[in-house]
Amino acid sequence: MTEDAVAAIERGLAELGDAYRDAFATASNEISLRDEYAKVLGKKQGSLTRVMGLMRDVPADRRPEAGAKVNAFKDQVERTFEQRLADLHRASRDAELHARPYDLTLPGRLPVGRGHLHPVLQTRDDLLTIFRDLGFEVVEGPEVELEENNFTKLAFPPDHPATDMQDTFWVGVDGAPKDARVLLRTHTSNTQVRVMSTRTPPMAVVSAGPVYRRDDDITHSPMFHQIEGFLVDEQVSMADLKGVLAAFAEGLYGPGTPVRFRPSYFPFVEPGAEVDIGCVFCSEAAGTRATCRVCKTTGWVEVLGCGMIHPDVLRHCGIDPERYRGYAFGFGIERIAMLRYGIPSIKHLFENDPRFLAQF
Ligand code: DAH
């Protein structure tokens, strides 16, 4: 052995010592400091690894001595590194604190395109405006609802086939009593129940919002939006309902828009009806009816369900049916938007394609 192996290690460490101290002191940010640290202590290419290679030549009885020197060196490197890192952090924090303030509220340099409401929400707002102008108050109801408010109080008997048409998503609520089943509402008629249960007539209310069902095809989506409207007072008849819905059709499609009532069934009204509006996409006179896909050549488009509120429903909500009567109506907003803009599939409304949405 030409040189004492332990002495060779000591010399190696001393050389490294001068180099790393300079390198750490001149590193101007955390990244370059960490680079320098890796050059010394890095597992693969660190220069300490090279010095450690000399360990092979150290006789077994002197290894503990050599090992202690290497460890002491490592500790020193680590301490110097931590110290310098803390200095750099402090310096950059000071620089931030003393720099000119950064004003997040200044306008940006690039023009930012202005968005607009989704066509379904535009239609919702226009519809609500029509009803507000007719004297209805706008009220919101919850989307997660008790079975009682969505079905039971609306006179859907348990297991009634009508609940099949409105099969929905049930919600698990920890600790809820067994008989308080919770669901995503299938219609906005829950708002009718909630409002009638907490107020005394007269009342005239509309409510809009999302509803949920199992349906999924080109005219149905598992989530869609509805508007529910109702009025309760002492002297209310089907004639009032017809008047309001005729005014609604005119508000939507212009004066003279024809409206037709067809008898229909909903458990919460008696009598119940479906309402068609005269097709605005074709006309017999212009010869476009025979090929109209929107009304399927009938000249009528079904838009809503309605009727006189069933006495049982009034009773369930604490309103005396001997004294008060009411009418109610409900419809899907997407359907109105599709008719209004000539949109062929409900899917377009939920795909969020900017090329589609930019057209409204
Ligand atoms: N809730 C019914 C549905 O979603 C729509 C409806 C029909 C609402 C008749 C009413 C009504 O208020 O009277 O299918």
Side-chain angles (χ1 to χ4, degrees), residues 124 127-128 131 134 136-139 141-143 145 147-157 160-169 183-197 203-215 217 219-233 236-245 248 259-277 301-314 316-317 319 321 324-336 346:
R124 174 201 64 188
L127 292 166
L128 288 177
F131 288 112
L134 288 168
F136 287 79
E137 174 193 351
V138 179
V139 165
E143 291 167 49
E145 181 58 288
E147 178 182 30
E148 191 188 9
N149 293 335
N150 191 83
F151 288 132
T152 323
K153 282 186 163 182
L154 286 165
F156 286 83
H160 191 279
T163 59
D164 287 351
M165 290 188 307
Q166 301 195 2
D167 208 358
T168 184
F169 303 91
L183 44 73
L184 298 186
R185 68 175 175 191
T186 60
H187 50 189
T188 40
S189 308
N190 67 326
T191 310
Q192 192 192 129
V193 171
R194 283 179 169 262
V195 173
M196 292 199 307
S197 301
M203 57 186 107
V205 167
V206 276
S207 186
V211 301
Y212 303 85
R213 295 198 193 171
R214 210 178 52 164
D215 312 327
D217 60 38
T219 51
H220 296 90
S221 150
M223 188 283 301
F224 64 103
H225 297 76
Q226 278 193 339
I227 289 190
E228 174 86 9
F230 63 97
L231 181 146
V232 184
D233 204 345
V236 183
S237 74
M238 195 89 181
D240 298 312
L241 172 62
K242 286 185 93 165
V244 160
L245 293 179
F248 158 69
V259 175
R260 164 175 100 163
F261 284 64
R262 282 179 290 107
S264 184
Y265 173 75
F266 301 95
F268 37 91
V269 284
E270 181 58 39
E274 273 171 315
V275 173
D276 302 333
I277 289 185
V301 181
E302 182 194 323
V303 288
L304 60 81
C306 65
M308 299 303 292
I309 300 174
H310 197 291
D312 284 346
V313 176
L314 292 174
H316 294 159
C317 298
I319 293 176
Y324 294 107
R325 292 157 176 232
Y327 63 72
F329 52 85
F331 55 92
I333 301 177
E334 282 77 3
R335 178 144 178 79
I336 304 282
I346 196 168

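For ligands, and for the atoms within them, numbers begin at 1 and follow the listed sequence. What you are looking at is a predicted structure, and each value in this text was computed from that prediction instead of being measured. Heavy-atom basis, side chains included; hydrogens, waters and symmetry copies ignored.
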*For His225, does its backbone N or O pair with a side-chain atom of Glu334 as donor and acceptor, under 3.5 Å?*
yes
*Donor-acceptor contact below 3.5 Å, side chain His187 vs main chain Ser189*: no
For ligand 1, which atoms have a heavy atom of [X] less than 4.0 angstrom away?
X      : result
Arg213 : 3 (C), 4 (O), 14 (O)
Gly307 : 13 (O)
Gln226 : 3 (C), 4 (O)
Phe266 : 7 (C), 9 (C)
Val269 : 13 (O)
Ser189 : 1 (N), 8 (C)

*Where do Tyr327 and Val232 land on the side-chain contact (heavy atoms from CB on, under 4.5 Å) test, with the steps shown first?*
CA-CA 7 Å; Tyr327 63 72; Val232 184; over 6 Å; no
_Sub-3.5 Å N/O-N/O distance, Thr186 and ligand 1_ = no
*Does Ala328 reach ligand 1 with a nitrogen or oxygen that is under 3.5 Å from one of the ligand's nitrogen or oxygen atoms?*
yes
_Partner residues of Arg262 under the salt bridge (charged side-chain N to carboxylate O under 4.0 Å, His left out) criterion, sequence neighbours left out_ = Glu274, Asp276, Glu302
*Among Phe266, Phe248, Phe131, find the one that has a ring-ring contact (aromatic ring centres under 6.0 Å, His included) with Phe329.*
Phe131
_Parallel, tilted or perpendicular: which one describes the rings of Phe268 and Phe156, with boundaries at 30° and 60°?_
tilted
*asked:* Can you tell me which portion of Phe268 lies within the under-4.0 Å heavy-atom range of ligand 1? Options are side chain, backbone, both, or neither.
replied: side chain
*Flag side-chain contact, heavy atom, 4.5 Å: His316 against Leu154*: no
